[in-house]
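Report on the following structure.
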Amino acid sequence: MTQVNLVKLCVGADSICDLETWQAARLARGEEHRHVTRMWPKRADDILNGGSLYWVIKGVIQCRQRILRLDEVTGHDGTRRCAIVLDPTITRTTPAPRRPFQGWRYLAVEDAPPDLSAAAQRDNALPPELESKLSEIGVL
């Protein structure tokens, strides 16, 4: 068994702070950190082997959350859906540009952006767009 990640657009969020605020509100209501999607991953075992969900915010992969499990849920229309249950810890990553897409995509471990250092996790001095451009030219 190998490990694979998922990458997903974080629709409606303009920053990691927006994602954190949205998830904190869900937690305050007693809800788990999860994202419900229409499609069930065929590589579920590989995802559950240490995979993470990498969030694309404003066209840039900026952070990730470890995937804890995949739960089956039924939508209001009776359709089977997949709830991707996430670790509440949001880990910032090296910015990586990503074109828009629908749904989620698999992200191989070797293609995933590395986590930022502990010091960089605390420092949010540069806007994500600038970090992305600096990363593209090899400065970060």
Quiz item: To the nearest 0.5 Å, how far apart are SG in C82 and CG in L6?
Solution: 8.5 Å

Quiz item: Can you get from V11 to V60 by hopping between Ile, Leu, Val, Met, Phe, Trp and Tyr side chains that sit under 4.5 Å apart?
Solution: no

Quiz item: If we only count heavy atoms from C-beta on, is the P88 to L27 side-chain gap below 4.5 Å?
Solution: no

Exercise. Return yes if some donor-acceptor pair links the side-chain N/O of R105 with the main-chain N/O of Q102 below 3.5 Å, else return no.
Key: yes

Quiz item: Where do G51 and N5 come nearest, in terms of heavy atoms and distance?
Solution: CA-OD1, 3.4 Å

Quiz prompt | Residue pair G50 / Q3: nearest heavy atoms and the distance that separates them | solution = O-NE2, 2.9 Å

Quiz prompt | D46 backbone acceptor or donor facing T2 side chain under 3.5 Å | solution = no

Exercise. Ignoring hydrogens and angles, tell me if any N or O in the side chain of Y106 forms a donor-acceptor pair with the backbone of R43 under 3.5 Å.
Key: yes

Quiz prompt | Interatomic distance, H33 atom NE2 to W22 atom CH2 [nearest 0.5 angstrom] | solution = 9.5 Å

Exercise. Spell out, as yes or no, whether a donor-acceptor pair under 3.5 Å connects the side chain of Q65 to the backbone of L86.
Key: no

Quiz item: Shortest non-hydrogen contact from P41 to L70?
Solution: CG-CD1, 4.1 Å

Practice problem: Determine the minimum heavy-atom distance between A13 and I57, stating which atoms define it. | Solution: O-CG2, 3.5 Å

Quiz item: Rounded to the nearest 0.5 Å, what separation is found between the OG1 atom of T93 and the CD1 atom of I61?
Solution: 6.5 Å

Practice problem: Could you state whether V4 and L48 fall into the same hydrophobic cluster, counting links through intermediate Ile, Leu, Val, Met, Phe, Trp or Tyr residues with side-chain heavy atoms under 4.5 angstrom apart? | Solution: yes

Self-check item: Residue pair Q62 / L19, side-chain heavy-atom distance below 4.5 Å
Solution: no

Self-check item: Shared hydrophobic cluster for I47 and M39 (ILVMFWY, side-chain gaps under 4.5 Å)
Solution: yes

Quiz item: What heavy-atom pair brings Q23 and I90 nearest, and what distance separates the two atoms?
Solution: OE1-CD1, 3.8 Å

Practice problem: Mind checking the NZ-OG spacing from K58 to S15? Nearest 0.5 Å is all I need. | Solution: 9.5 Å

Practice problem: Could you pull out the closest heavy-atom pair between K8 and W104, with the gap in Å? | Solution: CD-CB, 4.1 Å

Quiz item: Can you tell which of D14, I16, T21 makes a side-chain contact (heavy atoms from CB on, under 4.5 Å) with D18?
Solution: D14

Quiz item: According to the salt bridge (charged side-chain N to carboxylate O under 4.0 Å, His left out) rule, which pairs have a member within residues 64-74, sequence neighbours left out?
Solution: E32-R69, R64-D115, R66-D87, R69-D71, E72-R80

Exercise. Mind checking the NE2-CG spacing from H35 to L53? Nearest 0.5 Å is all I need.
Key: 7.5 Å

Practice problem: Any chance you could measure T91, atom OG1, to W55, atom CH2, to the nearest 0.5 Å? | Solution: 13.5 Å

